[in-house]
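Input: one structure, supplied below.
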Amino acid sequence: MRGTIGVVGGSMSGLTVGLLLRRRGWDVHIFERTGEQLASRGAGITPHKELFDAFRQAGAEIQTAMGVEAHGRTLFSQDGEIVARIEAPQLFTSWGLLYRFLRTKFPDDRYHNGVTVSALETMDDEAMVEFDDGSHQAFDWVIGADGLRSVVRESLFPELQLNYTGYVAWRGLVPEARIPIKIGEQLRDRMAFYLPPGEHMLGYTVAGPKDTCVPGERFYNWVWYRPTPSGAAKTEMFTDNDGAYHPDGIAPHQIRHSVTAAMRDDAQALLPPQFQAVVHNTEHPFIQPVVELGSERLLFKRAALIGDAAFTARPHIGFGVSKAAGDASTLACAFEKPIRERSTALYEWEQERLRVGRALLKRSADLGCYLSGPPQNKKEAARFEEFRQPDVLLHGIAAINPYEFLED
Ligand SMILES: Cc1cc2nc3c(=O)[nH]c(=O)nc-3n(C[C@H](O)[C@H](O)[C@H](O)COP(=O)(O)OP(=O)(O)OC[C@H]3O[C@@H](n4cnc5c(N)ncnc54)[C@H](O)[C@@H]3O)c2cc1C
């Protein structure tokens, strides 16, 4: 064995880095606070080169059978007419299938479910993980793959805070069978968009329960981005029936009826008939505040940050899982180097992944620039207009070719 590595977080980036490091001879332990297998949140993942590469290194190919293929993209007007369309085949892979593939490859005795890390202390020659039961474990290296609200990041860089962007995403999943047949025909096999003033809505078909991709048994996944300034409007939306405020996100069952009812009324008033139908037929719509964060550093002594823990971009470019896989596989390559070359390899890894993370953050902020509220000046108005152009929207959201914006 080359040495020991503790990975905090056992989702996409944690499992990918864990698997690839094991293949390179490291003794890896993954700590995941969730007690059972992680459940899919249902949405489709657009796989890109990094994800294909990481899976190949882990010994598997991502195939079309692992998701739902869309043949193109359509932009509707409010009366439901098609105002723009492009042909662009794209696979929406099932998160659950990817996760389960990685999980079955990683040994159970090294994957510690239901274990929460509460802090990290890193020194020159080792890093010490502290668990929420008060116990500790030392490793040669620790990797923070613990997502958006990373404890590892907080221990290393406590000054870094998530930035609320000023808008929320209303989301929902509808069984295909609940969508009226005529509407279903217009939505099937294509990603669909609509741009209400200052807002943006999209939808596409994803795998159904138990990741089935059989037509008729899948889900339609929709996301509606809406400006919601910090303060009274956000507090109102994220306060439950008992008066408790959940600024970081409210569980679907805690959303007050009046909040959902207001959104449903707006859907009838503002959306094209196709999207009215999907919102109407969604049993449990839910809301997420859209946040972003960029780390200034990814390495500190014996600790590294990857995936959402390192950079959380707004979701528009659809590159989160691919970026997580890219962070993980390139970090594993740096750890493969002999000791005398490792610190240079890690430094180069950090510089390159900071560059990718920053480019991703910028591009995603551009794509969502008009969602935080009205423009404050002419320059901003022109920028908003640019990113609401049908061509920019249809090519840029869930990017068909994200590398256009992420390469040097
Ligand atoms: C259950 C689940 C389902 C998802 N489904 C989708 C989807 O359908 N579509 C999509 O686009 N994205 C989905 N995502 C998000 C997507 O996977 C991430 O944006 C991306 O994969 C980045 O992955 P990550 O591993 O860096 O972070 P995450 O996927 O957020 O994983 C972080 C992991 O760390 C664990 N963790 C956090 N804090 C601690 C701690 N203190 N101690 C121990 N463990 C900790 C969390 O439980 C989580 O499993 C999902 C994430 C999760 C966790």
Side-chain angles (χ1 to χ4, degrees), residues 6-19 29-48 50-51 54 66-68 92-100 102-103 106 111-120 129-133 135 137 142-155 162 169 171 173 202 204 206-208 211 219 221 223 248-249 286 288 290-293 295 298 304-329 331 353 357 360 364 397-399:
V7 177
V8 185
S11 176
M12 283 295 168
S13 55
L15 269 172
T16 308
V17 81
L19 265 173
H29 285 262
I30 295 181
F31 302 102
E32 169 53 51
R33 72 174 168 204
T34 307
E36 309 128 21
Q37 289 245 333
L38 300 183
S40 176
R41 289 175 196 164
I45 306 286
T46 46
H48 297 291
E50 270 109 323
L51 191 61
M66 293 172 87
V68 177
F92 290 96
T93 318
S94 152
W95 189 92
L97 282 174
L98 296 183
Y99 165 77
R100 271 196 297 284
L102 295 172
R103 181 64 192 87
F106 198 86
Y111 189 98
H112 309 283
N113 269 123
V115 177
T116 300
V117 169
S118 53
L120 175 81
V129 171
E130 184 183 314
F131 301 99
D132 67 348
D133 64 1
S135 62
Q137 194 170 345
V142 167
I143 297 171
D146 48 345
L148 187 63
R149 296 177 204 287
S150 165
V151 162
V152 173
R153 185 186 66 229
E154 205 181 296
S155 298
L162 287 169
R171 298 182 57 182
L173 281 173
L202 59 89
Y204 50 92
V206 297
D211 297 312
F219 286 126
N221 172 57
V223 189
D248 299 333
F286 58 101
Q288 292 174 324
V290 178
V291 294
E292 61 190 354
L293 173 135
S295 299
L298 305 179
L305 288 175
I306 60 172
D308 280 10
F311 276 88
T312 300
R314 305 179 194 201
H316 311 298
I317 195 168
F319 198 68
V321 172
S322 289
K323 184 208 151 277
D327 287 352
S329 60
L331 182 60
R353 297 319 289 180
L360 182 62
S364 304
I397 301 292

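Just follow the structure's listing: the first ligand is 1, and inside any ligand the first atom is 1. Nothing fancy with the numbering, it's 1 onward along the sequence. Just so it is clear, the structure is predicted and the values come from calculations on it, not from any experiment.
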message: I'd like to check which ligand 1 atoms, numbered from 1 as shown, lie under 4.0 Å from a non-hydrogen atom of Phe31.
response: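 By the 4.0 Å cutoff, the relevant atoms are 43 (C), 44 (N).
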
- prompt: According to the interplanar angle, ranging from 0 to 90°, do the rings of Tyr204 and Phe92 count as parallel (below 30°), tilted (30 to 60°) or perpendicular (above 60°)?
  reply: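 Parallel: the ring planes of Tyr204 and Phe92 meet at under 30°.
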
field: Part of Trp95 within contact of ligand 1 (heavy atoms, under 4.0 Å)
entry: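 The side chain, only.
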
- prompt: Considering only heavy atoms, does Val115 approach ligand 1 within less than 4.0 Å through its side chain, its backbone, both, or neither?
  reply: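 For Val115, the contact with ligand 1 is made by the backbone alone.
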
- request: Kindly say whether Ala310 contributes a backbone atom to a donor-acceptor pair with the side chain of Ser295 at under 3.5 angstrom?
  value: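 Pair found, side chain donor or acceptor close to backbone of Ala310.
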
query: Do the side chain of Glu50 and the main chain of Gly326 share a donor and acceptor less than 3.5 angstrom apart?
result: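 The answer is no, because no donor-acceptor pair under 3.5 Å joins these two groups.
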
- prompt: Do Arg153 and Leu293 touch side chain to side chain, with heavy atoms closer than 4.5 Å?
  reply: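 Yes - at least one pair of side-chain heavy atoms lies under 4.5 Å apart.
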
- prompt: Any side-chain heavy atom of Val291 within less than 4.5 Å of one from Leu148?
  reply: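 Heavy-atom side-chain distance check passes, below 4.5 Å.
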
query: Short question: side chain of Ser364, backbone of Ala313 - any donor-acceptor pair under 3.5 Å?
result: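 Checked: no pair found.
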
- request: Run down the list Lys323, Arg149, Glu32 and name the one with the heavy atom closest to atom 35 (C) of ligand 1.
  value: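 When every heavy atom of Lys323, Arg149, Glu32 is considered, Glu32 comes closest to atom 35 (C) of ligand 1.
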
message: So if I count the atoms of ligand 1 from 1 in the order they appear, which ones are less than 4.0 Å from some heavy atom of Ala145?
response: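 Numbered from 1, ligand 1 contributes 32 (C), 33 (C), 34 (O).
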
Ligand 1 contact on Val151 by region, counting heavy-atom pairs under 4.0 Å: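 Val151 to ligand 1: side-chain contact only, backbone stays beyond 4.0 Å.
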
- prompt: If you measure from atom 25 (O) of ligand 1 to every heavy atom of Ala328, Ser13, Ala119, which option wins on shortest distance?
  reply: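 Looking at heavy atoms only, the winner is Ser13.
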
message: Measuring from atom 18 (C) of ligand 1, which candidate in Asp308, Val129, Thr46 has the nearest non-hydrogen atom?
response: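 It is Asp308 that holds the nearest heavy atom.
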
Gly147: numbered ligand 1 atoms lying under 4.0 Å from its heavy atoms: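 Within the 4.0 Å cut-off of Gly147, ligand 1 contributes 27 (O), 30 (O), 32 (C).
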
query: Leu102 and Met12: side chain to side chain contact (heavy atoms under 4.5 Å, CB included), yes or no, with the steps?
result: CA-CA 8 Å; Leu102 295 172; Met12 283 295 168; 4.1 Å; yes

- prompt: With respect to Leu98, which candidate in Thr16, Thr93, Leu15 satisfies the side-chain contact (heavy atoms from CB on, under 4.5 Å) definition?
  reply: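 That would be Thr93.
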
message: Need the ligand 1 atom indices (1-based, order shown) with element for anything under 4.0 Å from a heavy-atom of Thr34.
response: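 Those atoms are 47 (O).
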
query: Taking only heavy atoms of Gly307, which atoms of ligand 1 are found under 4.0 Å from at least one of them?
result: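 With Gly307 as reference, the close atoms of ligand 1 come out as 26 (O).
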
- request: With heavy atoms of Thr116 as the reference, note each atom of ligand 1 found under 4.0 Å away.
  value: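 So the answer, numbered in order with elements, is 41 (N), 42 (N).
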
